2 protein chains.
Amino acid sequence: MGSSERKERQKVELQQQILSAAKEIVSRDGFAALTMRKIADAIEYAPGTIYLYFENRDEIAKQLCRQGYRELLECLKPTAAILDPRARLRAMAGAYVQFGSSNSATYRLIFMEDPKFTDAALSAVPIPQGGGYANDSSNGAGIQAFQLLVAVFDALKANRSLRADADSTRLAEIFWTSLHGIVSLKLTCSSFLATTSEELVTSATDLFLAGLE
Amino acid sequence: MGSSERKERQKVELQQQILSAAKEIVSRDGFAALTMRKIADAIEYAPGTIYLYFENRDEIAKQLCRQGYRELLECLKPTAAILDPRARLRAMAGAYVQFGSSNSATYRLIFMEDPKFTDAALSAVPIPQGGGYANDSSNGAGIQAFQLLVAVFDALKANRSLRADADSTRLAEIFWTSLHGIVSLKLTCSSFLATTSEELVTSATDLFLAGLE
DNA sequence: GTCTATAGGCTGATAGAC
DNA sequence: GTCTATCAGCCTATAGAC
């Protein structure tokens with residue numbers, strides 16, 4: 001059945017093309033401007049054709065979210081290799097804020113838009129339908145990214161820099177919310193904050209580490 | 001000119017009615033669902049009539065934002081009276097997060113939606129047109145709220161709990177971003193965070209204060 | 001598989017009657 | 001000042017021709 005395999009490849013290929021066009025529209029005009037017609041125009045197909053590859057607009061948005069989490073994870077991974085936990089936390093925080101600033105549309109989509117998309121993509125999920133996204137490492141990428149942060153606090157414990165009975169998950173959540181606050185407020189209230197993102201994340205991380213002592 | 005004054009009063013009255021209807025729609029269905037037609041239905045007027053009281057939809061959104069900042073300010077004001085700066089910071093942080101959780105639609109609108117509305121309402125502005133909103137204390141309410149937070153750090157300095165050369169504005173920005181992170185992430189990623197808002201804000205504030213030492 | 005065409009809905013905003 | 005009617009546009013999704 002080599003012919004059916006070819007068809008499968010072609011299907012995945014056009015799905016990727018659709019997602020790629022969708023991503024560009026979101027980056028350029030924002031998520032609200034993502035319409036089936038615009039995608040169709042971009043890939044030079046008729047609007048109806050897209051429905052052969054995705055059930056509806058929401059399904060495209062969810063896939064876009066999953067991809068966004070994957071990108072975030074890839075962005076944080078290099079910092080996870082840093083041995084010194086304090087240096088690692090600083091690097092990871094910097095990478096996170098950098099990611100949010102450089103990929104603002106993606107960041108908005110995965111963390112500031114609709115819980116419907118955020119939650120669906122954040123949690124680990126099986127294949128939605130059609131089985132088209134089988135060998136997809138994106139499942140749970142958001143959770144994996146969060147685990148990288150949790151691991152920093154485990155490392156701090158191993159280091160005796162943190163009480164052994166401290167709750168790593170909880171500390172990771174507190175730290176994450178503060179990073180998210182910096183990125184998201186900068187995206188919406190850019191003109192009000194006098195401090196740059198870089199200064200904010202540096203100071204916030206230093207204060208946080210100082211508070212842990 | 002008693003008759004023209006009556007007309008002015010009636011105009012303001014209907015403007016208030018429009019804003020009030022708009023607020024309810026946003027609270028119930030979200031900002032994207034705010035349409036002129038729905039407002040018109042709610043106040044039992046024809047859609048076109050609204051344009052006699054507001055230039056367009058954006059103008060309504062901006063007024064809604066200004067009102068939101070005013071509400072936030074009112075919510076924080078009582079805590080500003082607390083003398084001990086540490087207790088004041090804790091109370092203010094709690095009130096802020098409480099406000100965001102209880103008024104999620106308003107919070108989304110003023111801090112998570114469109115910079116166009118956020119910035120316009122956050123900064124102090126003169127009367128937009130028509131002079132209808134003259135005796136309006138909402139101008140700069142967002143800034144006033146932020147100043148309440150800055151004052152806490154000034155108080156900590158006066159208290160010798162903080163170095164005299166510390167930058168109060170900067171510390172306020174860092175602290176504010178962390179509060180905003182808690183509220184906004186809870187609004188979008190509610191199911192992912194294991195910790196409650198109340199626990200997050202308590203721990204974050206304690207860590208922050210500890211870091212300041 | 002892809003097209004055209006369209007159903008059936010929504011939107012902001014305006015013109016002109018009363 | 002308020003109405004009705006409507007313009008001009010957008011949207012998702014589907015049906016049926018090829």
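Chain A is the first sequence line, chain B the second, and so forth, proteins listed ahead of strands; every chain is numbered from 1. Quantities reported herein were computed from a predicted structural model and do not represent experimental measurements.
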Can you give each donor-acceptor pair under 3.5 Å made by side-chain atoms of residues 31-38 of chain B, sequence neighbours left out, with the distance rounded to 0.1 Å?
unit_1: B/Thr35; atom_1: OG1; unit_2: B/Lys38; atom_2: N; d: 3.2
unit_1: B/Lys38; atom_1: NZ; unit_2: B/Ala33; atom_2: O; d: 3.2

Counting only pairs under 3.5 Å, give me each side-chain donor-acceptor contact of residues 104-111 of chain B, with atom names and distances, residues two or more places apart or in other chains.
unit_1: B/Tyr107; atom_1: OH; unit_2: B/Tyr96; atom_2: OH; d: 2.7
unit_1: B/Tyr107; atom_1: OH; unit_2: B/His180; atom_2: ND1; d: 2.7
unit_1: B/Arg108; atom_1: NH2; unit_2: A/Met112; atom_2: O; d: 2.9
unit_1: B/Arg108; atom_1: NH2; unit_2: A/Glu113; atom_2: O; d: 2.4

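At most 12 non-hydrogen atoms from other residues, nucleotides or ligands lie less than 6.0 angstrom from CD of B/Glu44.
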Base versus backbone protein contacts along nucleotides 2-18 of chain C [heavy-atom cut-off under 4.0 Å; B, S, -]: BSB------BBBB----
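A salt bridge is absent between A/Arg170 and A/Glu173: the closest approach of a Lys/Arg side-chain nitrogen to an acidic carboxylate oxygen does not fall below 4.0 angstrom.
The main-chain N or O of B/Leu122 is never found under 3.5 Å from a side-chain atom of B/Asp119 such that the two would form a donor-acceptor pair.
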